[in-house]
Protein chains: 2
Amino acid sequence: MTSDTRAKMVAGAADLMSRRGVTATSMREVVRHTGTPRGSIGHHFPRGKQQLIEDALVFAGKQVSGPLEHLVQSRGAIAGLRAFIALWRQTLEKSKFQAGCPVLAVAVEQYVNDATEKDGAPDEAAQRHLLDLADGVFADWQRIMFTALRREGVAPARARRLAALVIASTEGTVAMCRAARSAQPLDDVRQELELVLSSALAKQAEVPRA
Amino acid sequence: MTSDTRAKMVAGAADLMSRRGVTATSMREVVRHTGTPRGSIGHHFPRGKQQLIEDALVFAGKQVSGPLEHLVQSRGAIAGLRAFIALWRQTLEKSKFQAGCPVLAVAVEQYVNDATEKDGAPDEAAQRHLLDLADGVFADWQRIMFTALRREGVAPARARRLAALVIASTEGTVAMCRAARSAQPLDDVRQELELVLSSALAKQAEVPRA
DNA sequence: TCCTGACTATGACGAACGTCATAACTTCAC
DNA sequence: GTGAAGTTATGACGTTCGTCATAGTCAGGA
């Protein structure tokens with residue numbers, strides 16, 4: 001149903017975005033990089049680059065949240081944290097620290113399309129929508145972590161804060177690893193995050209009814 | 001000595017990079033945004049945009065590390081953490097969540113200059129240098145935190161990990177706040193980081209000699 | 001067989017990019 | 001005043017960008 005060409009374009013765009021960023025990823029390079037026909041761009045993405053970015057964003061989000069959710073439900077919060085970090089470590093090392101997180105790229109950059117704005121006003125609605133999608137992906141990952149912590153007895157407010165800490169620090173660390181061309185920061189952060197989570201879980205175990 | 005025009009260009013470039021990212025920040029817009037003469041670009045930055053980015057990067061780094069180092073030395077690690085986060089909160093809110101961290105932008109993107117590469121080979125030395133500079137800024141901020149923790153009795157390895165956690169999670173949170181157009185993640189993360197640091201400091205106070 | 005729809009190929013358009021060359025303007029020692 | 005050096009002004013060059021229009025290919029049902 002969904003075209004194979006289209007899927008390859010979306011995946012390729014996500015990969016390129018994670019390496020070069022949103023603005024530096026051109027549609028021409030996406031088709032070059034994926035071996036897909038250039039003429040199909042307008043067909044599969046009538047709204048152009050904006051649409052391709054949007055699709056790549058939710059694609060990347062699901063690619064992480066799918067395995068993460070499954071693993072967290074079967075093996076708990078700490079295992080989820082380890083898997084989350086191991087996943088990014090794999091992405092970094094397999095690409096020799098070239099690839100990062102496309103969602104973070106959208107959250108850091110600002111995509112403005114010069115071509116479709118003849119009038120002076122930049123289309124800030126499009127940029128808002130991209131940020132909304134990126135925020136949605138982050139919120140989704142956070143929700144998975146939050147639910148796991150809740151299920152293991154952590155109070156709601158604390159679980160929300162811990163989930164935010166896990167997602168934010170991991171994303172930041174991925175960028176730092178890219179800058180350092182080393183996975184060491186990821187190891188350091190993982191170690192500390194495990195301490196934090198296990199201590200939060202232990203504390204709730206001490207006071208089963210309060 | 002150092003030209004006023006030049007300084008304005010560097011500061012303007014750092015600001016634009018933090019809002020739009022590296023690639024989306026054009027030299028023409030830098031001079032437009034700062035009211036500086038376009039003809040001075042080649043004069044003050046003979047190596048072109050690459051040089052401007054480099055200068056903006058170390059400028060942004062010092063702008064943070066300066067106040068941070070001073071404050072950490074006089075009031076300690078926890079106060080430093082609070083100031084570090086408050087600083088980013090101010091940047092976010094004053095710009096209505098448009099500005100972020102230019103160093104993170106460099107760490108996430110990949111700047112390639114199409115104009116100066118007639119031959120097929122992309123100048124990866126230039127990109128490596130930018131990553132080195134970004135890594136240096138992160139390392140500098142980390143060193144400040146590390147030194148403060150050491151001075152307050154935290155063991156070396158632990159201090160290194162905690163410093164990495166603080167910098168990485170703050171950077172990641174800044175991006176998340178930008179995506180959410182809200183400072184809430186910053187508050188959540190700050191709260192948890194304070195818990196982690198103060199518990200690490202308390203632990204060292206319990207065992208003064210070991 | 002032919003038609004119809006989905007998909008692909010290819011070239012063109014206008015705009016913006018980084019860079020460079022050249023000329024004009026300031027400033028100040030001599 | 002007169003150079004000279006340090007700046008600023010301005011236009012041009014070649015490239016790449018996103019998008020669009022047009023023509024081509026290729027299924028599978030009538």
Side-chain angles (χ1 to χ4, degrees), chain A residues 1-10 12-13 16-17 20-56 109-123 126-127 129-130, chain B residues 1-10 12-13 16-17 20-56 109-123 126-127 129-130:
Chain A
M1 181 201 130
T2 337
S3 163
D4 184 55
T5 300
R6 205 195 125 102
K8 273 206 287 189
M9 282 178 172
V10 171
L16 280 176
M17 281 162 57
R20 323 191 179 236
V22 180
T23 311
T25 295
S26 72
M27 316 227 64
R28 286 170 152 92
E29 194 158 16
V30 169
V31 306
R32 220 172 319 169
H33 188 261
T34 55
T36 47
R38 204 189 101 200
S40 310
I41 294 178
H43 182 72
H44 291 298
F45 307 93
R47 281 189 7 260
K49 184 175 179 179
Q50 170 87 19
Q51 186 178 5
L52 177 58
I53 296 172
E54 292 168 6
D55 286 15
E109 290 186 54
Q110 176 176 12
Y111 173 63
V112 258
N113 193 337
D114 303 316
T116 47
E117 303 167 1
K118 313 303 182 188
D119 44 358
D123 190 2
Q127 159 71 1
H129 187 218
L130 279 184
Chain B
M1 184 200 124
T2 338
S3 165
D4 184 56
T5 300
R6 207 195 123 100
K8 274 207 287 189
M9 283 177 172
V10 171
L16 279 177
M17 281 162 57
R20 322 191 182 240
V22 180
T23 312
T25 295
S26 72
M27 316 228 62
R28 287 170 152 92
E29 192 158 18
V30 169
V31 304
R32 221 173 323 178
H33 187 260
T34 55
T36 46
R38 205 190 99 200
S40 309
I41 294 178
H43 182 72
H44 290 299
F45 305 93
R47 279 186 13 258
K49 186 176 179 180
Q50 169 88 19
Q51 186 177 6
L52 177 59
I53 296 172
E54 292 169 5
D55 286 15
E109 290 186 56
Q110 176 177 14
Y111 172 62
V112 245
N113 193 338
D114 304 315
T116 46
E117 303 168 3
K118 311 305 182 188
D119 44 359
D123 189 3
Q127 160 71 0
H129 188 218
L130 279 183

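Numbered from 1 within each chain, the chains take letters A, B, ... in sequence-line order. No hydrogens, no waters, no symmetry mates; every other heavy atom, side chains included, goes into these values.
- The phosphate of dC7(C) (OP1 or OP2) has no side-chain N or O of Ser40(A) nearer than 4.0 angstrom.
- The residue among Ser26(A) and His44(B) whose nearest nucleotide of DNA chain D lies closer to the 5′ end is His44(B).
- In this structure the side chain of Gln110(B) never reaches within 4.5 angstrom of the side chain of Leu130(B), judged on heavy atoms.
- A straight line from CD of Gln50(B) to P of dT19(C) spans 9 Å, rounded to a whole angstrom.
- Rounded to an integer number of Å, the gap from Arg32(B) CZ to dG18(C) C1' is 14 Å.
- Comparing atom distances between the Thr5(B) side chain and each of dT8(D), dG18(C), dA12(D) picks out dT8(D) as nearest.
- Contacts of Gly42(B) with the nucleic acid, taken as non-hydrogen atoms under 4.0 Å apart, are absent.
- Per the geometry, CE belonging to Met27(B) stands 20 Å off P belonging to dT16(D), to the nearest Å.
- With Ile41(A) as the partner, the side-chain contact (heavy atoms from CB on, under 4.5 Å) test is satisfied by one option alone out of Arg6(A), Met9(A), Arg28(A): Met9(A).
- Here the CG atom belonging to Asn113(B) is positioned 12.0 Å from the CD atom belonging to Gln127(B), to the nearest 0.5 angstrom.
- For dG18(D), the base has no donor-acceptor partner in the side chain of Arg47(A) [N/O atoms by modelled type, under 3.5 angstrom].
- Taking atom CZ of residue Arg38(A) and atom P of nucleotide dG18(D), one finds them 11 Å apart after rounding to whole Å.
- As judged by a 4.0 angstrom heavy-atom cut-off over every strand, Thr36(B) is placed among residues making no nucleic acid contact.
- Regarding contacts with the backbone of dA15(C), every side-chain N or O of Asn113(A) stays at 4.0 angstrom or more from both OP1 and OP2.
- Following rounding to the nearest Å, Phe45(A) (CZ) and dT19(D) (P) show an atom-to-atom distance of 12 Å.
- If you take NE2 of His43(A) and P of dT22(D), they are 18 Å apart, rounded to a whole angstrom.
- Atom OH of Tyr111(A) and atom P of dC17(D) are 12 Å apart (whole Å).
- Residue Gly39(B) is the one, among Gly39(B) and Ala24(A), whose nearest nucleotide of DNA chain D lies closer to the 5' end (criterion: closest heavy atom).
- Comparing Arg28(A) and Pro37(A) by the nucleotide of DNA chain C whose heavy atom lies nearest to each, the residue mapping closer to the 5' end is Pro37(A).
- Within the 4.5 Å cutoff, the side chain of Met27(A) has no heavy atoms near those of the Phe45(A) side chain.
- For the pair Glu29(B)/Leu16(B), a side-chain contact is recorded, criterion being any heavy-atom separation below 4.5 Å from C-beta on.
- One atom, CD1 of Ile41(B), and another, P of dA16(C), lie 16 Å apart when rounded to the nearest Å.
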